[in-house]
Amino acid sequence: CMEAGRPVDSELKYHLMEQRQSPPLNVPELEMPAFTATKVSQYSCQRKTTLNNYNKKFTDAFEVMAENYEFKESEIFCLEFLRAASLLKSLPFPVTRMKDIQGLPCMGDQVRDIIEEIIEEGESSRVREVLNDERYKAFKQFTSVFGVGVKTSEKWYRMGLRTVEEVKADKTLKLSKMQKAGFLYYEDLVSCVSKAEADAVSLIVKNAVCTFLPDALVTITGGFRRGKKIGHDIDFLITSPGPGEDDELLHKVIDLWKRQGLLLYCDIIESTFVKEQLPSRKVDAMDHFQKCFAILKLCQPRVDNSTCNTSKKLEMAEVKDWKAIRVDLVITPFEQYAYALLGWTGSRQFGRDLRRYASHERKMVLDNHALYDRRKRIFLKAGSEEEIFAHLGLDYVEPWERNA
Ligand code: DCT
Ligand code: MG
């Protein structure tokens, strides 16, 4: 449509946006797809949401509001803002006037007020208040530590603590093994994982798993499967088409990494899956797979020092040449792999909406293990994500379109 690099004056931009909403009859459908606000689904699993977000200034604001409500354990308001953020992420144009959101679902009064303020003032006073709020700032810091959630943050806040440094300095606090690791590797863990680091860890995981189970399938899931260039951790799904389940695989992999000095932290959760059990109804419930929340030591290649003099070598020996990286490993039975892949690919909001759609629109129960049809009283088998979407009567949504 527009020539690259050519500035678009506001009048032309206005004209283009008008066209996008009601395309003139002489423009072929393919060139200018019609956008009809009332046809946009309230479920993100019926929308395509790529990483190309035209409404970042609004969605960032909503995510701050949602997070603040999460810290206050007010789930309804939190979800209202997450749904609104997710909807604006899926729009094929930037919102510039209130008219642009007319007829769209998920736009409640609180949401509209903030959009209006951002359009008119450039920023929202309510969001600014949250960002300056003492409680929000403290919770934001505390929850950035691996192993610290809202409950622990609440406790520390009530004790008068406000910063990560203050928590670190308080030697009377009883920290969990996870939180101790969280503080020990804090700087590395808050700095995001890059795609290059994810690829390097992927090789380490594949090598270790295939040492013990050569035909195992190792798939990177989470944000990286959705095409993100950074993440807070790296998620892997491991399965094997061979006969029998190998409970030992995860333990063997972890032991190997221990011997290689690559394991900085690990918490193995044994499988709690009971066959014949109905899918879990609890929204956002943890699944029952055997899994491991780990911190790996990723050695970073450094410049060759073989030609350096002795003092330079000593100096370089003190430079840390590794980075602590959060890795989740999930082991799934082969028959449940497609469901696990769909759940662990996310996004969280996409998963929530898939489950809500299944339950409200199809009388089905979806979780990371299975799909249950309550009317037919049967479990629906699936060998691929495509088959799950088909069971639900949904058009297939590619992983990179699930960034809701
Ligand atoms: N998930 C799940 N069950 C859990 C935890 C997570 O089904 N108990 C899903 C939801 C998203 C996906 O797994 C990955 O989770 P995260 O790593 O938290 O999210 P992400 O999208 O990978 O984001 P990030 O880039 O921050 O890691
Ligand atoms: Mg992740």
Side-chain angles (χ1 to χ4, degrees), residues 44-45 49-51 53 59-60 63 66-67 70 79 82 85-86 89 140 143-150 178 182 188-199 201-202 205 218-239 267-273 279-296 298 323-332 336-356 358 365-371 385 388 397-404:
S44 61
C45 53
T49 316
T50 64
L51 291 166
N53 177 4
T59 61
D60 283 352
E63 280 166 0
E67 194 174 34
E70 188 189 339
L79 275 179
L82 289 180
S86 162
K89 285 179 191 174
K140 184 83 186 154
T143 55
S144 73
V145 181
F146 174 56
V148 179
V150 175
M178 200 182 227
D188 279 359
L189 298 184
V190 288
S191 85
C192 284
V193 181
S194 69
K195 178 74 173 69
E197 287 163 343
D199 290 338
V201 171
S202 193
V205 174
V218 177
T219 312
I220 197 159
T221 64
F224 288 109
R225 182 159 185 257
R226 302 196 307 275
K228 279 178 63 177
K229 294 278 177 280
I230 52 163
H232 94 281
D233 66 358
I234 319 172
D235 309 285
F236 292 95
L237 220 54
I238 301 164
T239 193
D267 180 15
I268 296 184
I269 317 276
E270 291 304 331
S271 165
T272 54
F273 184 67
S280 152
R281 270 141 218 260
K282 234 177 98 193
V283 178
D284 279 350
M286 198 66 158
D287 56 46
H288 304 280
F289 297 121
Q290 184 193 35
K291 56 174 78 69
C292 164
F293 304 114
I295 300 177
L296 285 195
L298 178 66
K323 183 179 169 186
I325 308 246
R326 274 274 302 112
V327 175
D328 287 346
L329 303 180
V330 181
I331 315 283
T332 84
Q336 298 177 15
Y337 176 73
Y339 287 102
L341 182 61
L342 182 60
W344 277 89
T345 298
S347 67
R348 257 165 218 279
Q349 190 54 29
F350 192 87
R352 276 190 202 108
D353 280 346
L354 269 176
R355 294 189 293 270
R356 193 163 59 98
V365 190
L366 173 72
D367 69 8
N368 288 354
H369 301 269
L371 179 62
E385 291 180 308
I388 305 173
V397 180
E398 298 284 357
W400 59 89
E401 298 166 337
R402 299 182 203 161
N403 287 291

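The structure displayed is predicted, hence computed values, not measured ones. Every number for a ligand or one of its atoms is a count from 1 in the order of the listing. Position 1 is the first residue of the sequence, and the numbers go up from there.
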If you look at every heavy atom in [X] and [Y], which pair is closest and at what distance?
X: Ile230; Y: Ser194; answer: CG2-CA, 4.5 Å
X: Leu354; Y: Cys45; answer: CD2-CB, 3.6 Å
X: Asp353; Y: Ser44; answer: OD2-OG, 2.7 Å

Side-chain heavy atoms of [X] within contact of [Y], under 4.5 Å:
X: Asp287; Y: Asp367; result: no
X: Leu341; Y: Glu385; result: yes
X: Gln349; Y: Thr49; result: no
X: Thr332; Y: Tyr339; result: no
X: Glu70; Y: Leu82; result: no
X: Phe224; Y: Asp235; result: no
X: Leu51; Y: Trp400; result: no

(message) Which option wins on minimum heavy-atom distance to atom 16 (P) of ligand 1: Arg352, His232, Gln349, Arg225?
(response)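 Considering heavy atoms of Arg352, His232, Gln349, Arg225, the nearest to atom 16 (P) of ligand 1 sits in His232.
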(request) Closest by any non-hydrogen atom to atom 1 (N) of ligand 1: pick that one out of Phe289, Phe224, Trp344. (result)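 Minimum heavy-atom distance to atom 1 (N) of ligand 1 goes to Trp344.
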Out of all atoms in ligand 1, which are within 4.0 Å of some heavy atom of [X]? Include the element for each.
X: Gly343; answer: 7 (O), 9 (C), 10 (C), 13 (O)
X: Arg226; answer: 21 (O)
X: Lys228; answer: 23 (O), 24 (P), 25 (O)
X: Asp235; answer: 14 (C), 17 (O), 22 (O)
X: Gly231; answer: 25 (O)

(request) Indicate, as side chain, backbone, both or neither, the part of Asp233 found under 4.0 angstrom from ligand 1 when only non-hydrogen atoms are considered. (result) both
(message) Checking contacts here: is it the side chain or the backbone of Asn368 that comes within 4.0 Å of ligand 1, counting heavy atoms only? Could be both or neither.
(response) side chain
(message) If we ignore hydrogens and angles and just use 3.5 Å, is the side chain of Arg326 paired with the main-chain N or O of Ala294 as donor and acceptor?
(response)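 Here the side-chain-to-backbone pair exists.
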(message) I need the protein N, O or S atoms closer than 2.8 Å to the Mg ion (ligand 2), given as residue plus atom name.
(response)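 Correct list: Asp233 OD1, Asp235 OD2.
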(request) Among Asn403, Thr345, Val397, find the residue that satisfies the side-chain contact (heavy atoms from CB on, under 4.5 Å) test when tested with Phe350. (result)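 Among Asn403, Thr345, Val397, the one meeting side-chain contact (heavy atoms from CB on, under 4.5 Å) with Phe350 is Val397.
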Just distances here: any N/O of [X] and N/O of ligand 1 closer than 3.5 Å?
X: Thr345; value: no
X: Gly223; value: yes
X: Arg348; value: yes
X: Ser347; value: no

